[in-house]
K.L.:
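Pasting a structure below so you can have a look.
Per chain, numbering begins at 1; letters A, B, ... match sequence-line order.
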Amino acid sequence: MTATMTERKLTMQKAIAEAIRQEMERDESVFVMGEDVGVYGGIFGATEGLLDRFGPDRVIDTPISETAFIGAAVGAAIHGMRPIAELMFVDFFGVCMDQIYNNMAKIHYFSGGAVKVPMVLTTAVGGGYSDAGQHSQTLWGTFAHLPGMKVVVPSSAYDAKGLMISAIRDDNPVVYMFHKGALGLGWMTHNPHATGPVPEEPYAVPIGKAEVVREGTDVTVVTIGLSVHRAIDAAETLDAEGISVEVLDLRSLVPLDREAIVESVKKTHRLLVVDEDYRSFGMTGEVITTAIEGAFDFLDAPPIRIAEPDVPIPYSRPLERFVLPGVDDIVAGVRGLVAA
Amino acid sequence: MTATMTERKLTMQKAIAEAIRQEMERDESVFVMGEDVGVYGGIFGATEGLLDRFGPDRVIDTPISETAFIGAAVGAAIHGMRPIAELMFVDFFGVCMDQIYNNMAKIHYFSGGAVKVPMVLTTAVGGGYSDAGQHSQTLWGTFAHLPGMKVVVPSSAYDAKGLMISAIRDDNPVVYMFHKGALGLGWMTHNPHATGPVPEEPYAVPIGKAEVVREGTDVTVVTIGLSVHRAIDAAETLDAEGISVEVLDLRSLVPLDREAIVESVKKTHRLLVVDEDYRSFGMTGEVITTAIEGAFDFLDAPPIRIAEPDVPIPYSRPLERFVLPGVDDIVAGVRGLVAA
Amino acid sequence: MRLHDEAIVGAARGRHDLKEVAMEIPRDDLVAMYATMAKIRYFEERIREIYYEDKLPAFDIAAGPIPGEMHLAAGQEPVAVGVMPHLRPGDAITATHRPHHVAIAQGVDLGRMAAEIFGKDTGLGHGKGGHMHLFSVEPSFGCSGIIGEGMPVACGAALAFKRQGKDNVAISFFGEGAANQGAFHESLNLAALWNLPVVFICEDNGWAISVPKHASTAIADNSDRASAYGMPGVLVPDNDPIGVYEAAGAAIRRAREGRGPSLIEVRTLRLWGHFEGDADAYRSEEYKQEMAEHDPMVTYPERLIAEGVATPAEIDALTKAAHEEVDEAIEFARSSPYPAPEDALRHVFA
Amino acid sequence: MRLHDEAIVGAARGRHDLKEVAMEIPRDDLVAMYATMAKIRYFEERIREIYYEDKLPAFDIAAGPIPGEMHLAAGQEPVAVGVMPHLRPGDAITATHRPHHVAIAQGVDLGRMAAEIFGKDTGLGHGKGGHMHLFSVEPSFGCSGIIGEGMPVACGAALAFKRQGKDNVAISFFGEGAANQGAFHESLNLAALWNLPVVFICEDNGWAISVPKHASTAIADNSDRASAYGMPGVLVPDNDPIGVYEAAGAAIRRAREGRGPSLIEVRTLRLWGHFEGDADAYRSEEYKQEMAEHDPMVTYPERLIAEGVATPAEIDALTKAAHEEVDEAIEFARSSPYPAPEDALRHVFA
Ligand SMILES: Cc1ncc(C[n+]2csc(CCOP(=O)(O)OP(=O)(O)O)c2C)c(N)n1
Ligand SMILES: Cc1ncc(C[n+]2csc(CCOP(=O)(O)OP(=O)(O)O)c2C)c(N)n1
Ligand SMILES: [Mg+2]
Ligand SMILES: [Mg+2]
């Protein structure tokens, strides 16, 4: 957190809405569309207050036609606008992925750089409140695997604002994922980490830079999104046991800050990757492989990973708790790693 | 290749069509649907001859409505049929992924095992013939990341038949991917590996078992699909240099035969992973991480990977050649690994 | 006042002369429809009540005996119960994220359904699916959390029936919001093209969360879209169980006889918020008041009594029986055990 | 003989009385349409010829100066040229996997387009896109390899124009096969709902690869589907440039004036296989023969001459000029350098 600090604190949700509002004020070409972004203010509040401020021409409620309106965002972006399109839950990507990965993400490349597609696709991710397997996934691994779009996932209110501003100003398509459990919504289980200092004035957090959110010397925990908070909580517990944990918040998966991963592993010699996405063929493998590629000789133990064990997210509370990474899982993982 | 050998040789394409024909003869509940599967016999010949043999009630040409007909396959599978639905190119998954990953792959789980969805989704993958970025992808990493569906990719005619039979008989949804360059199609650049011995009688190749297609002692090359042939060709070259390469054909990504990976790495102490899918957040990271998890102490050098470098597959020949893994790339990779 | 943009709800209430209809519609069906409506409404009320347990005062969606999203169908009972009397064993239904009324009308095991909503091991899916993912084999019921997802599946069930020489039908329920999803178009075209025994039933409650129909749909009536597929399209304008009964009866008969699919649109009412916890601030008090006046749980039994189809005492008895059945199901659900945590790993593959 | 299931091609040939039409349609446009048709056809012929270089005798799709799939539009010229005279600078077009005729008619740089098809560094996309991914900024043209993918994009371009206060329009071309893709439905609804300046033009060549329209589409005319969105739907039944001119002119005017979207369906002819290398065995020789008889490159100039709009000498001169322009573009493409291999890594991000 390098920008000027202020005492004002916001939830991540308010920080996102503020970032969009400020950018809409600054730039006429920015507009928002999606289901329930208008009078409802976005199911997760990302567009709160915008309809009143900017009216229905710039804050557009859409039919449940994700292919049409995300594709329309692509078309508008090509023609001088900077649309923000909201896919209500990332889990719905399957009805519109072609427009996202084959069109939004590839037109710039196909055109040899001639056509730009400056748009933001916002979407809510994550579980933990018994919304079952079609409303609780994070799926960032899926998006990060497919080239041509940046993928950002803020974990703090400060980053949420700064990354949204960067995303809107970026000349590339940016998929901006916010974890429902990190937003600080009134109707979600209270999350103290969701609220943090956020400067009033607009500022940009660079896309593609990870952040060491907690320094440590014994083990590096690499993660993203809500699990950053889980990792910090675990680190506090472990501190009491004399284990010093460094927590690296990736903040974006594309571009992936491989240097930051390698650097931290070179320092701690031990790596645990925590991911709320499905375990296999995803983020955990990529981060571990990055460490292997860059810091193989520095590793004192094989890196380990804690992730969703390749099952659809179950509904029932004990089942969901079992599959999602928890603070206890991280504590146990780190202990095992240090003992190895 | 454990089943009885016969001298009869088939291309992979003919082997697939034969497997489907034999299963349709055996089981009335098996039927095929997709675009151009009828009179055309499938754009890649997977359903060649089936319309004549079984008629339009069991070999059904569809509109270009992938969501509808793949979803219909799900519905038919739930109600006693064993549909084979063809998604012409895997690249088109974006228009119908919801039916695939959120419905086909999850209903069994959501129902707590009560509902079965025994269907096969066939699809063509791979590039190498200048079909550009919406017709040349493999995307198996995307499918393998999402739980609830098996993912198989044959590299030989023998496996193609045996895996298709297993897929049809499986009570789970199986995504069956055939690499266009490995099919032995008359209109594709001639591929000598595409033709091989195939018994006349039906036989099953188990899903989830990798195969050592070439034994070696110095380096393990793990790969899948057409790249198996590339790896074998590279191994021949390296043999002449005195480097002994073991080639492991994964054959399926879900389930992933982790034991086979670990076992081979324990033997050779060196791992190269070759993948025609996008590099990041995909198969290469998963295989390397699997080796790290199971054979960290056996590794003499950090595993390396050769894959599509996270750019949409370009059209122009020199560009495409640059991004696809080639025999030369594998040779160079192995040399580097041995020197490390 | 216009609850729906283009039709005054209740304007067509007098459309069915019950005396005349009674000649066509067996009295038993008329009464059974009420009984099922009572069961549905009480189920939704009980779930609603329990849903808020331990979630308040500061509403926490993750807390309480029933966590997660909860989409209740109070007001939409007529759509479900009007279809039900025409169903036969083996027929298949796909429903939506708002599935309880349809499942109850079809006769899905109420106890196991409630248990699933409670996340219990005795639930239809052993707690894996929850309220949006209720699956039953007999009767064949499925639903989903993705808009439009069930429509292709219904086509597939119908295709299976056709291929197997059965005269079963598949019914696909979906909201008016879903009618703008690509799956609607593809499914209706496929069903018409292949002459499949499917009936598409659009539950037009006028709202997709906070978005009114006029802000999502370029024309007034989705039933008019049937012509784009060459299939019959019928509008039931008044949330009337009898209107649904007639329309669904004709459509299902047609489908069973191999004469292909139909589209029925029913103007219905979503009496409560989109999901529980929804402040429903996008609808005026006046609007909500008028909805309450057209509550089918009031108007339908009134009619049955007024037209002499049932006596007040009969209605009371039916209501009581319905409540007892629901209470028993809920009690079963409440008292059932949770699945073991590691059971999360089961049932990925058969 | 029926080339299209429900209409005899050419039956309506006499529909337009040219003398009368000539009063409305400037002679220049009539003649320019021919000139563009000649350019398109010759371009497709040349590409076809070169496509087979080094690919035969055993056809190898990966070989030759132009590898990969190749979808040519011979026969579909009228659809493209009938739209073109109504376009203004700033208008946007999205086309399909069969894009050349539309791009040429819109005036996309022919040399850079040819170079892209050859995979050259001077191509529109420096060789990255190829024949299915031609993108031009001025004029604004895009196409794609995914069925229906361009329709939402056209809506977005139209939305941008509207918001920017421009009177530009977006035109989306798509095949009759694409009309059964979900994107069709969602896009038409969105366009009508938001009153966007878009014109949807369905190129109905009767075939989606090997699948005839009657095996994919539940009704005869996609233009009739316009009513499902409350927009005008027009059928041009005879692959007639003048019919397209009239329909497109009216629709584009309507869109420019802020009166919303339209859907036009044109019965056209895919004279060749779906892609080059397609044996086209699913269409009879008789069928192909009849198509040839209705080749617009024969019938249209004949009419221009017969009706006194142009002399044979003029037609010849236009043809020759068109050929020269194409030859030059192809020569430019052929002689251009390939991109450097490692350029593959550029242009992922701006
Ligand atoms: C593909 C998809 N898009 C969006 C959603 C989020 N969502 C859930 S319910 C709903 C509104 C549905 O409206 P309608 O179809 O009319 O059904 P109703 O809720 O009125 O019963 C939306 C937008 C979803 N579940 N799936
Ligand atoms: C979503 C999707 N499904 C399937 C295909 C394969 N495909 C390419 S062209 C084509 C036929 C298209 O028919 P139509 O829309 O009528 O256009 P035409 O080829 O006749 O010009 C098909 C099925 C595709 N490219 N995209
Ligand atoms: Mg609704
Ligand atoms: Mg066509």
K.L.:
Measuring from atom NE2 of C:H274 to atom CD1 of A:I43, what distance do you get when rounded to the nearest 0.5 angstrom?
P.N.:
6.5 Å

K.L.:
Which one, C:M132, C:H347, C:R346, C:K55, leads in non-hydrogen pairs under 4.5 Å with chain A?
P.N.:
C:M132

K.L.:
So for C:H126, is it side chain, backbone, both, or neither that comes closer than 4.5 Å to the heavy atoms of chain A?
P.N.:
backbone

K.L.:
For the interface with chain A, which of C:A58, C:G127, C:G277, C:G123 has the highest count of heavy-atom pairs at distances below 4.5 Å?
P.N.:
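When all of C:A58, C:G127, C:G277, C:G123 are compared, C:G127 has the most.
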
K.L.:
Ignoring hydrogens and geometry beyond distance, is a side-chain donor-acceptor pair present between C:N180 and A:S65 at under 3.5 Å?
P.N.:
no

K.L.:
Do you know which of C:A62, C:S210, C:G68, C:G130 has the most heavy-atom pairs with chain A at a distance under 4.5 angstrom?
P.N.:
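Greatest number of close heavy-atom pairs with chain A: C:S210.
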
K.L.:
Which atoms of C:V211 come close to chain A, meaning under 4.5 Å heavy atom to heavy atom: side chain ones, backbone ones, both, or neither?
P.N.:
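Looking at C:V211, backbone and side chain both touch chain A.
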
K.L.:
Check whether C:F118 gets within reach of chain A through its side chain, its backbone, both or neither, counting any heavy atom under 4.5 Å.
P.N.:
backbone

K.L.:
Can you tell me how far apart OG (A:S130) and CD1 (C:I66) are? Round to the nearest 0.5 Å.
P.N.:
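So the OG of A:S130 and the CD1 of C:I66 are separated by 11.0 Å.
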
K.L.:
Check each atom of C:A279 against the heavy atoms of chain A and say whether the ones under 4.5 Å are side chain, backbone, both or neither.
P.N.:
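Neither part.
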
K.L.:
For the residue pair A:P312 and C:V348, establish whether any side-chain heavy-atom pair is separated by less than 4.5 Å.
P.N.:
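When only atoms from C-beta onward are counted, C:V348 and A:P312 do touch, with a gap below 4.5 Å.
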
K.L.:
Considering only heavy atoms and a distance below 4.5 Å, find which of A:V95, A:T67, A:I313, A:T62 pairs most often with chain C.
P.N.:
A:V95

K.L.:
If you measure from CD1 on C:I147 to CD on A:E66, what distance do you get to the nearest 0.5 Å?
P.N.:
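Separation between the atoms: 8.5 Å.
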
K.L.:
Of all the heavy-atom pairs spanning C:E69 and A:F89, show the shortest one and how long it is.
P.N.:
OE2-CZ, 3.5 Å

K.L.:
Just wondering, are more than 12 heavy atoms of other shown residues or ligands nearer than 6.0 Å to CZ in A:R58?
P.N.:
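Above 12, so yes.
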
K.L.:
Less than 4.5 Å to any heavy atom of chain A: does that hold for the side chain of C:E149, its backbone, both, or neither?
P.N.:
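Only the side chain of C:E149 comes within 4.5 Å of chain A.
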
K.L.:
Heavy atoms only: give me the nearest A:L319-C:A344 pair and the separation to one decimal.
P.N.:
CD2-N, 3.5 Å

K.L.:
Less than 4.5 Å apart, any side-chain heavy atom of C:T217 and any of A:P63?
P.N.:
no

K.L.:
Relative to the ring of A:Y40, is the ring of C:F275 parallel (under 30°), tilted (30 to 60°) or perpendicular (over 60°)?
P.N.:
perpendicular

K.L.:
Return the minimal non-hydrogen interatomic distance between C:G145 and A:Q134, and the atom names on each side.
P.N.:
N-OE1, 2.7 Å

K.L.:
If I take atom CD1 from residue C:I61 and atom OG1 from residue A:T189, how far apart are they, to the nearest 0.5 angstrom?
P.N.:
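The CD1 atom of C:I61 sits 9.0 Å away from the OG1 atom of A:T189.
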
K.L.:
Against chain C, label A:L185 side chain, backbone, both or neither, depending on which of its atoms sit under 4.5 Å from a heavy atom there.
P.N.:
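For A:L185, there is no contact with chain C at all, as no heavy atom is under 4.5 Å.
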
K.L.:
Is A:Y129 close to C:D60 at the side-chain level, that is, under 4.5 Å between some pair of heavy atoms?
P.N.:
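No. Closest side-chain heavy atoms not under 4.5 Å.
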
K.L.:
Looking at C:I146 and A:F92, what are the two nearest heavy atoms and their distance?
P.N.:
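What the structure gives for the nearest pair is CD1-CD2, 3.4 Å.
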
K.L.:
Where does C:A208 contact chain A at under 4.5 Å (heavy atoms): side chain, backbone, both or neither?
P.N.:
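Both backbone and side chain of C:A208 come within 4.5 Å of chain A.
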
K.L.:
Just how far is it from atom CH2 of C:W207 to atom CG of A:D36, taken to the nearest 0.5 Å?
P.N.:
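Taking CH2 in C:W207 and CG in A:D36, the distance rounds to 10.5 Å.
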
K.L.:
Less than 4.5 Å to any heavy atom of chain A: does that hold for the side chain of C:S144, its backbone, both, or neither?
P.N.:
both

K.L.:
Which one, A:M188, A:H135, A:E35, leads in non-hydrogen pairs under 4.5 Å with chain C?
P.N.:
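The answer is A:H135.
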
K.L.:
Do C:K128 and A:Y315 touch side chain to side chain, with heavy atoms closer than 4.5 Å?
P.N.:
no

K.L.:
Between A:R317 (side chain only) and C:Y338 (backbone N and O only), is there a donor and an acceptor less than 3.5 Å apart?
P.N.:
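Absent.
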
